[in-house]
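Worksheet: the structure to be examined is printed underneath.
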Amino acid sequence: MHIKQVIIQGFKSYREQTVVEPFDKRHNVVVGRNGSGKSNFFYAIQFVLSDEFTHLRPEQRQALLHEGTGARAMSAYVEIIFDNSDNRVPIDKEEIFLRRVIGAKKDQYFLNKKVVPRSEVVNLLESAGFSNSNPYYIVKQGKINQMATAPDSHRLKLLREVAGTRVYDERKEESMNILKETDGKVEKITEFLKTIEDRLKTLEEEKEELKEYQKWDKARRTLEYIIHETELKENKKHLDELEHQRKSSGDKQKMFAQEIQTAQDKIKNAQKALKDAKKEVTTTKDEKSVLTTEHQQLLREKTKLDLTISDLTDEVQGDNKSKERAEQELNRLKLTIAEKEKELEEVRPRYEAMRRKEEECSRELNLKEQKRKELYAKQGRGSQFSSREERDKWIQGELKSLNKQIKDKIAHQNKLQEDLKRDAAKQKDLEKKIEEHTESFEQLRIQIDEHNKHYYELKKKKDHFQTIRNDIWKKETQVTQTLSGNKEELAKADQALRSMAGKPILNGRDSVRKVLESFSQRGGQFADIARSYYGPVIENFNCDKSIYTAVEVTAGNRLFHHIVESDRVGTQILKEMNKQKLPGEVTFMPLNRLQVRIHDYPEDPDSIPMISKLKYEEQYDKALRYIFGKTLICRNLERATELAKSTGLDCVTLEGDQVSSKGCLTGGYFNTSRSRLEMQKKRSEYLQMIEDLEKELSEFRTELKQTESSINSVVSEMQKTETKQGKSKDAFEKIQADIRLMKDELTRIERFRNPKERSLAQCKANLEAMNSTKDGLENELHQELMSQLSVQDQHEVDQLNDEIRKLNQENKEAFTARMSLEVTKNKLENLLTNNLFRRKDELVQALQEISVEDRKRQLTNCRTELTSTEKRIKKVLSDVDDIDKKVSEAVKQQKALQKELELWMQKEKEAQDKMEEDSKRMEKWAAKENLLHQKIEECTEKIASLGALPQVDPSYQRMSLKTVSIIFMCHNAITGYPYRNTST
């Protein structure tokens, strides 16, 4: 027998697990520098095998634990593995594992992985030759030197101890002490025997009386036995009946509990379904309200469009009729204008001829009269002036004045000619501008029509985008409501989980999340720390619902431990929590520090390793094996107890009953409705749904933003089109006003041209008369002053008088003809200018203003909008019908669910009432059972107190209990003795 291996952990200078092997079975030498742990290694062997470390106080145990940097070791152990191939130790194994574990408050021995008392270890070591009385199988440092320098007596004593003779000396001394005590006891027994003999003499005298008493006492005890045995049998029978009733009641209790659990599950599902149904009813009613509002709005739009279409139809029809009337009138007017222009063209040459003739006659007449007047003046100057010089002087003055008048007339004539030329040029320029403006006028009208058409197209596009936006708003509202409901359910699940796991643990979880958010925002190495956090254990695995209870009781609050990549990550998070003074408790599981042992699981049909039923990612294997790796799921508690004892693994049943490998059992009722895994599953589902809904909501908002941008773009384009249209209308109206003003100017030029021409003709005639007068005065200037006209002058006067009479007659005839023609001409011109042409312009302008195409376009757009609105109304009505059906179905479902809920609540109440009644019966049965147990104990004690009994008379056994009791009472009465010594 020799040491094969030594394992040390947490002992003195050995903090981490240290394995020392192999050892030679003859000699082994340990060498090393000072402080390397040689002495502590030998102390570790002594710690297990020697009697020196037997009785340790707490401070001594504490001193054996490792002290160094970092966390202090809470426990230590030393394990020695012996080679027992020579069977020196009486155990049928080739290797023996002996371990001693100490802590601040514990000191345990393990033999082959099982806890054993110290006494068993001592006996085992003594059987192998390691006796406490012979402690020299361990020779300490300095012991050889001490033996070499010791006296002979001491060495002899030491040799005896080594040889083992001291044991026999001690046993001899113990035997001598026992012999002395035995001699004392023999003397006392002799004295007691003498006293007994004296007492026997006294008792012999009472023997005869006692025999008679015993005779009747046997009969009494027989009767008592029959009574008590009969009562005992009856009580046992009642007890068996009660046990049977209790067993059946227990089955009923289980059945009632199962019914209550089923009812509670159904109630929970019904309440959830009822809540969803109520929510569905509320949502559908809200949708119906929105659709009703939209329907009313659409009806108002439809009514408005109907009225607009009616008005536009009337306007278009009116415009068509007005246009037809205007065109007919314009055509008639054109015919009338053509006729009148033709008449005017016929009158105008005749009028011009008469006017020229009249002007010629007037001019000739003025000249003749002026000539005659000059001749008469010449005749009168003979009597007017006394001399020729005075006359010449006067003539020169007249010539001077006449020259000035001629000059003024010539200037006036030139001015009139210039005005007529300027008016002619202006008229030509105005006609050209009117033509250009008319072209621009038509272009602007076409441009306005194009703007109107583009505006209506943009309006249609805007309506389309607004319809899309309304649909997105509806979807967004529905998603928002669903999201709000899911967030409420998530808050409830969080609250329920908080009440199950404890406020500090979930506060710690929330604090860790805050720290991780701050790390992610900082970036850099802090972001790496945030990425090295993997979340709580409960969020990193999945399992079947049937093993929820087993998993929860196995893990406990370790479900909320936090998995991190390394201890550095956990340390940084804790530092940040302390720095920010965040509340809560956290426990980290660094994957780099977890020590996990791979267990050999038994191949048993009644058990399965729990770790094999969990689904998780490979990187979390260490953490999950650390918690669940040492646990088996067993079929029942009996099998779990057997497997825990045989395999050294913890076992758990599906109902949550636990059997520890150390032997303790834990169990009881587990409320599955407060399952943390179930609540976490709901929470994860709600989080996933919230994430999906938020993503969907974000997509809707992005789409809504794009639609809003498109609407704004279309509205902006509409505003630009309106601005362009306004500018075009302003330019259109300005050009229209300019054309009207230019035509008025043309009319004015035309109206003032004839007077100017007549003034020019009059001016020419006056100028000729003045020149004629001038010529006459110049001829008279150097002639002799005569008092009478000459024959020639007289003849000329006579000739002039005849010509003047003739010219007056011709002028009068020409004037009459001219006036008649002028009246006709002016009448025609006024009719054309002030009536027909003006009416023609008004009709042309009216035809231009009657925009039948624009109104037709408006009418077409309104009809298109009406069709779209009617389709939307039809769709809304269809949606309202669908919503009504949904509301009806939801209300019907709500009533059915309410009825189902009330039914299951009634069933739950009935089951609870039955359970309470059964519990009351159980309490009564328990009290009755206790009473029966007391009676059975009393009967048993009474039967036991009767002692040995003779054979019972069969006649007694055939009697009823009442008869036996009466006989017993009478027998007691007649067999009573005044004195009896029952102790004889």
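Source: prediction; values computed, not measured.
In this structure, the side chain of Ser532 engages the main chain of Asp528 through a donor-acceptor pair within 3.5 Å. For Asn636 (side chain) and Arg639 (main-chain N/O), a donor-acceptor pair under 3.5 Å exists by modelled atom type. Ser660 places no side-chain N or O within donor-acceptor distance of the main-chain N or O of Cys664, the cut-off being under 3.5 Å. Checking side-chain atoms of Asn486 against main-chain N and O of Tyr686 turns up no donor-acceptor pair under 3.5 Å. With hydrogens and angles ignored, the 3.5 Å screen pairs no side-chain donor or acceptor of Ser709 with any backbone N or O of Lys705. Judged by distance alone, the side chain of Arg15 and the main-chain N or O of Phe11 form no donor-acceptor pair under 3.5 Å. Formation of a donor-acceptor pair under 3.5 Å by the Ser661 side chain with backbone atoms of Ala644 is not found in this model. Using a distance-only test at 3.5 Å, with no hydrogens or angles considered, no donor-acceptor pair links the side chain of Tyr620 to the main chain of Ile563. Side-chain N or O atoms of Glu552 include one that pairs as donor or acceptor with a backbone N or O of Leu677 at under 3.5 Å. Put simply, the side chain of Thr707 gets close to the backbone of Glu703: a donor and an acceptor are under 3.5 Å apart.
For Phe519 and Phe526, the ring centers sit closer than 6.0 Å to each other.
Look at Glu539 and Arg509 and you find no salt bridge, because none of the NZ, NE, NH1 or NH2 atoms lies under 4.0 Å from a carboxylate O. Residues Arg118 and Asp107 are not paired through a salt bridge, judged by the lack of any N-O separation under 4.0 Å between the basic side chain and the carboxylate. With respect to Glu79 and Lys113, a salt bridge is recorded, a charged nitrogen being found less than 4.0 Å from a carboxylate O.
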Anything under 3.5 Å between a donor and an acceptor, one on a side chain of residues 566-573, the other on a protein residue two or more places apart or in another chain? List them.
residue, atom, partner, partner atom, Å
Asp567, OD1, Asn592, ND2, 3.3
Asp567, OD2, Arg593, NH1, 2.9
Thr571, OG1, Asp567, O, 2.8

Check: residues 487-495 side-chain donor-acceptor pairs under 3.5 Å, at least two apart:
residue, atom, partner, partner atom, Å
Glu489, OE2, Lys275, NZ, 2.5
Asp494, OD1, Arg683, NE, 2.5

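Qualifying ring-ring contact (aromatic ring centres under 6.0 Å, His included) partners for Tyr533, counting only residues two or more places apart in sequence or in other chains: His562.
Side-chain contact annotation: Tyr534 with Glu565, donor-acceptor N/O pair under 3.5 Å present. Asn112 and Arg99 are not linked by any side-chain donor-acceptor pair at a separation below 3.5 angstrom, with hydrogens and angles left out of the test.
Between the CD1 atom in Ile611 and the OG1 atom in Thr631 there is a gap of 9.0 Å [rounded to 0.5 Å]. With rounding to the nearest 0.5 Å, the separation of OG in Ser546 from CG in Asp544 is 3.5 Å.
Within 6.0 Å of atom NZ in Lys475, 12 or fewer heavy atoms from other residues, nucleotides or ligands are found, so the atom counts as exposed in its surroundings.
When all heavy atoms are compared, the tightest approach of Leu643 to Ser607 is CD1-CB, 3.4 Å.
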